[in-house]
**Student:** 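Structure incoming, see below.
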Amino acid sequence: MAESMTLYWCSGSPPCWRVMITLEEKNLQGYNQKLLSFEKNEQKSEEVLALNPRGQFPTFKHGDIIVNESFAACLYLESQFESQGTRLIPENPKEQALMYQRMLEGLNCYDKLNWVIYYELMVPEDERHESALKRHREALTTELKLWEGYLQNVAEGSYLAGDFSLADVVGFPNVALVVFFGLSAERYPKLTEYYNLLKDRPSIKTTWPPHWLESEQGPEVLKDI
């Protein structure tokens, strides 16, 4: 069944990683993969644009069905293969509501994280404004403290919304990214604990960004956050 699926993806991209974790959790190994590069602008290739007019990753194809937004792809896979592998949407209404809440909140976290990393690593020195960077860093600090608080309210060894779910499929790649870019374990003990709880889960370990295996630590642009 997975042989009819193709994923175009980029190493280290949380949106791509979400889809890959979902595929693993639903026992859909063996799908076709095309690892491409943002640095080479391969997301704008004719092959990708034919499937995804926005020219973004991930781009996901299942037979003649194309799903390009990562949240949509994760929800599609859970819906189509609900009885297979890990159930990623809880049956309990209270846990289900919390799962959807944390899943969608994950987009806020990723956006704020992206602003800081992009500004620190991609914006040329002569185009930077310290006031803008300060504003982005303060917004990210507020966001991370919010998630630190969420994790203080879950049982020890638990996940974002009870059992492992789509909330974690979205949430863990965000946390892994901040750790990779130097997040302080002392300042954010609960986020660090959550990272350590999940980093060796088979679906996550199998799909770990290849270029992170070459260097466990990226530029420490978040060490002071």
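Numbering starts at 1 and runs along the sequence shown. What you see is a predicted model, and the numbers here were worked out from it, not measured in a lab.
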**Student:** Answer yes or no: does atom CG of N114 have more than 12 heavy-atom neighbours from other residues, nucleotides or ligands under 6.0 Å?
**Tutor:** yes

**Student:** I need the minimum non-hydrogen distance between P14 and G12, along with the two atoms involved.
**Tutor:** CD-O, 3.1 Å

**Student:** Do the side chain of K223 and the main chain of L183 share a donor and acceptor less than 3.5 angstrom apart?
**Tutor:** no

**Student:** According to side-chain hydrogen bond (donor to acceptor under 3.5 Å, both in side chains), who are the partners of R87, at least two apart in sequence or on a separate chain?
**Tutor:** E82

**Student:** Report the residues that fulfil side-chain hydrogen bond (donor to acceptor under 3.5 Å, both in side chains) with S13, sequence neighbours left out, ordered by chain and then residue number.
**Tutor:** none

**Student:** Could you tell me whether the side chain of S79 and the main chain of L75 form a donor-acceptor pair under 3.5 Å?
**Tutor:** no

**Student:** Taking atom OH of Y194 and atom OH of Y150, what is their separation to the nearest 0.5 Å?
**Tutor:** 13.5 Å

**Student:** Under the side-chain hydrogen bond (donor to acceptor under 3.5 Å, both in side chains) test, which residues partner T141, sequence neighbours left out?
**Tutor:** none

**Student:** Under the side-chain hydrogen bond (donor to acceptor under 3.5 Å, both in side chains) criterion, do Q29 and E24 qualify, and how do the steps go?
**Tutor:** CA-CA 6 Å; Q29 296 87 356; E24 290 292 324; 3.2 Å; yes

**Student:** What I'd like to find out is whether the side chain of L28 reaches to under 4.5 Å of the side chain of M5, using heavy atoms alone.
**Tutor:** yes

**Student:** According to ring-ring contact (aromatic ring centres under 6.0 Å, His included), who are the partners of Y100, at least two apart in sequence or on a separate chain?
**Tutor:** none

**Student:** Please name all residues satisfying salt bridge (charged side-chain N to carboxylate O under 4.0 Å, His left out) with K34, sequence neighbours left out, ordered by chain then number.
**Tutor:** E47

**Student:** So, T86 side chain and L88 main chain: donor-acceptor pair closer than 3.5 Å or not?
**Tutor:** no

**Student:** Nearest 0.5 angstrom please: L113 CG to H136 NE2, how far?
**Tutor:** 12.5 Å

**Student:** Rounded to the nearest 0.5 Å, what separation is found between the CZ atom of R18 and the OG atom of S70?
**Tutor:** 4.0 Å

**Student:** What residue pairs, at least two apart or across chains, pass salt bridge (Lys or Arg N to Asp or Glu O under 4.0 Å) with a residue in residues 165-192?
**Tutor:** K190-E193

**Student:** Find out whether F181 and I117 are in side-chain contact, i.e. whether some heavy atom of one side chain is under 4.5 Å from a heavy atom of the other.
**Tutor:** yes

**Student:** Compare all side-chain heavy atoms of L77 with those of F60 and state whether any distance is below 4.5 angstrom.
**Tutor:** yes

**Student:** Taking ring-ring contact (aromatic ring centres under 6.0 Å, His included) as the definition, give me every residue that meets it alongside F172, ordered by chain and number, with sequence neighbours left out.
**Tutor:** W17, Y195

**Student:** Give me the atom names and distance for the closest heavy-atom approach of Y159 to F164.
**Tutor:** CD1-N, 3.2 Å

**Student:** Would you say the side chain of P58 lies within less than 4.5 Å of the side chain of N68, judging by non-hydrogen atoms?
**Tutor:** no

**Student:** Test your reading of the model: is there a side-chain donor-acceptor pair from K44 to the backbone of Q56, 3.5 Å cut-off?
**Tutor:** no

**Student:** Calculate, to the nearest 0.5 Å, the distance between atoms OG1 and CG belonging to T6 and N32 respectively.
**Tutor:** 4.0 Å

**Student:** Would you say the side-chain atoms of S165 pair up with the backbone N or O of G162, donor to acceptor, closer than 3.5 Å?
**Tutor:** no

**Student:** Measure the OG1-CZ distance between T207 and R201 for me, rounded to the nearest 0.5 Å.
**Tutor:** 11.0 Å

**Student:** Quick one: does N153's side chain have a donor or acceptor within less than 3.5 Å of a partner on G149's backbone?
**Tutor:** yes

**Student:** Any side-chain heavy atom of L7 sitting closer than 4.5 Å to one from C16?
**Tutor:** no

**Student:** The criterion is salt bridge (charged side-chain N to carboxylate O under 4.0 Å, His left out); which residues satisfy it with E148, sequence neighbours excluded?
**Tutor:** none

**Student:** Of all residues at least two apart in sequence or in a different chain, which pass the salt bridge (charged side-chain N to carboxylate O under 4.0 Å, His left out) check with K61?
**Tutor:** none

**Student:** What's the separation between atom CD1 in I89 and atom CD in Q96, rounded to the nearest 0.5 Å?
**Tutor:** 6.5 Å

**Student:** With a 4.5 Å limit on heavy-atom distance, are the side chains of T22 and L166 in contact?
**Tutor:** yes

**Student:** More than 12 non-hydrogen atoms from neighbouring residues, nucleotides or ligands closer than 6.0 Å to CD on E69, yes or no?
**Tutor:** no

**Student:** Taking only residues two or more places apart in sequence, or in another chain, which ones meet Y76 in a side-chain hydrogen bond (donor to acceptor under 3.5 Å, both in side chains)?
**Tutor:** H62

**Student:** Give the minimum heavy-atom separation between T192 and S184, together with the two atoms involved.
**Tutor:** OG1-O, 4.5 Å

**Student:** List in chain and number order the residues that pass side-chain contact (heavy atoms from CB on, under 4.5 Å) with L133, two or more places apart in sequence or in another chain; answer none if no residue qualifies.
**Tutor:** Y119, E120, E130, R137

**Student:** E105: which residues meet the salt bridge (charged side-chain N to carboxylate O under 4.0 Å, His left out) condition with it, sequence neighbours left out?
**Tutor:** R102

**Student:** Under 4.5 Å between side-chain heavy atoms, hopping through other hydrophobics if needed: is there a path connecting L146 to W115?
**Tutor:** no

**Student:** Any side-chain heavy atom of W147 sitting closer than 4.5 Å to one from N174?
**Tutor:** no

